[in-house]
2 protein chains.
Amino acid sequence: MTEEMLDALDRAGVRLTGPRRKLAALIERREGHFTAADLLKDAGRRRMGIGRATVFRLLELLSEQGLVERIDLPDGTHAYIPCEPTHHHHLVCLNCGATTDVDDCGIEAVTREAARRSGFKIEQHRLELFGRCPDCRSAN
Amino acid sequence: MTEEMLDALDRAGVRLTGPRRKLAALIERREGHFTAADLLKDAGRRRMGIGRATVFRLLELLSEQGLVERIDLPDGTHAYIPCEPTHHHHLVCLNCGATTDVDDCGIEAVTREAARRSGFKIEQHRLELFGRCPDCRSAN
DNA sequence: GGATCTCTTGATACCTAGTCTCATGGTTCC
DNA sequence: GGAACCATGAGACTAGGTATCAAGAGATCC
Ligand SMILES: [Mn+2]
Ligand SMILES: [Mn+2]
Ligand SMILES: [Zn+2]
Ligand SMILES: [Zn+2]
């Protein structure tokens, strides 16, 4: 996945610098969703001397490339999750923070129906699902 | 709608004070989504002497009662929209900010399918639709 | 009406997440 | 190597929100 991120940055025409490589590796080691602060703390613990702005800058780049997405958790906080550039919906475990991508599963039909009823022309949609992941369910 | 908000506050067992009544009236006059800062500016222009914290406090109360919902706009900013306590999805005009409530339109089936595929037990979902409202469409 | 108790208020300080600016330092290209 | 161009970290700044607190309503009891 680090590879994937670096490739995407390369294709985006930006430089593959040290800080970007290190941060990409840190993102790979993360499990579930994380905040920019989490990442910065990871970097700080390893004495990487990476600035806060650099973290936000990389997250923005990755998010433009669709490899990371910012989500709004039910408790009102924000988090980032790594994801594939092709799928756009997420399932988030409220217990451990694990996330999975799900494809549209019929959402297109729902938006078409909503468009018909409301008269809106729908250009974007966002669906976020929250619950318990298989591990957390079996761990009772 | 002001009536509805005041009733809800009453039922919630909090006091119907001057600042709360005034803010409820200001919310009613708003069109589309608004920020806490918008509301505070409205109050300021009318020399209502209402504090910033009071605005956030009321928005939180109303949001607990389901009469207002906080949404995350695609540009990353936050806004509040007035809504009915029974419906949970919103259509937001990217041009003028107008919002409408839509009911589930088949979302339940989508979440069931996502649960089946992922093994998650889904407890909450959030769907936000963005586009152009009928007015903005016809205004070219 | 007054005494009292509780809730609410506005001011202010504080906080988290994110952006902007800028001087410095690496990279790329010739 | 040198010039041009990014990218960097530090630090100031912003938006949106929360915590604290002394003072001011509002409700309750008499
Ligand atoms: Mn995804
Ligand atoms: Mn719903
Ligand atoms: Zn889990
Ligand atoms: Zn519109």
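Below, chains carry the letters A, B, ... as their sequence lines are ordered, and counting in each starts from 1.
Residue contacts shown for B:L16 are absent, as no nucleic acid heavy atom lies under 4.0 Å away. B:G49 comes within 4.0 angstrom of the backbone, heavy atoms only, and of no base.
Side chain of B:R57, nearest nucleotide from D:dG9, C:dT9, D:dG16: C:dT9. Of the candidates D:dG16, C:dT9, C:dC7, the closest approach to any side-chain atom of B:T54 belongs to C:dT9. Checked against D:dG9, D:dG26, D:dG16, the side chain of A:P19 finds its nearest nucleotide in D:dG9. Candidate nucleotides C:dA17, D:dA10, C:dT8 were compared by shortest atom distance to the side chain of B:V14, and C:dT8 ranks first. With distances taken from any side-chain atom of B:R15 to the nucleotides C:dG18, C:dC20, C:dT8, the minimum falls on C:dT8.
Regarding A:I71, its CD1 atom lies at a distance of 14 Å from the P atom of C:dA17, rounded to whole Å. Between B:L39 atom CG and D:dG16 atom P the separation is 13 Å, expressed in whole Å. Rounded to an integer number of Å, the gap from A:I50 CD1 to D:dA10 P is 11 Å. Rounded to whole angstrom, the span from the NE2 atom of B:H33 across to the P atom of D:dG16 amounts to 12 Å. The separation between B:E60 atom CD and D:dG17 atom C1' is 10 Å, rounded to whole Å. Distance CG (B:D10) to P (D:dG26): 14 Å, rounded to an integer number of Å. Atom C1' of nucleotide D:dA10 and atom CZ of A:F56 are separated by 15 Å, given to the nearest angstrom. If you take CG of B:L9 and P of D:dA27, they are 13 Å apart, rounded to a whole angstrom.
Comparing A:A53 and A:A37 by the nucleotide of DNA chain C that holds the closest heavy atom to each, the one mapping nearer the 5' end is A:A37. Remark on DNA chain C: of its neighbouring residues B:M48 and A:T77, the 5'-side contact belongs to B:M48, judged by nearest-heavy-atom nucleotide.
Looking at A:T77, its side chain never comes within 3.5 Å of a backbone N or O of A:L73 through a donor-acceptor pair.
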Given side-chain contact (heavy atoms from CB on, under 4.5 Å), test B:Y80 with B:D38 step by step and report yes or no.
CA-CA 10 Å; B:Y80 295 85; B:D38 288 334; over 6 Å; no
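Between B:R70 and D:dG17 there is a side-chain N or O to OP1 or OP2 distance below 4.0 Å. An OP1 or OP2 oxygen of D:dA7 is reached within less than 4.0 angstrom by a side-chain nitrogen or oxygen of A:R20. Within the structure, a side-chain polar atom (N or O) of B:T17 is placed less than 4.0 Å from OP1 or OP2 of C:dT9. The phosphate of C:dG18 (OP1 or OP2) has a side-chain N or O of A:H78 nearer than 4.0 angstrom.
Judged by distance alone, with hydrogens and angles left aside, A:R52 brings no side-chain donor or acceptor close enough to the base of D:dG9 to form a pair under 3.5 Å.
B:V92 and A:I122 fall into different hydrophobic clusters, where Ile, Leu, Val, Met, Phe, Trp and Tyr side chains are chained together by heavy-atom contacts under 4.5 Å.
Taking the charged nitrogens against the carboxylate oxygens, A:R30 and A:D42 do have a contact shorter than 4.0 Å, which makes a salt bridge. By the 4.0 Å N-to-carboxylate-O rule, B:R117 lies close enough to B:E113 to be salt-bridged with it.
Side chains of A:H125 and A:H89: a donor on one and an acceptor on the other come within 3.5 Å.
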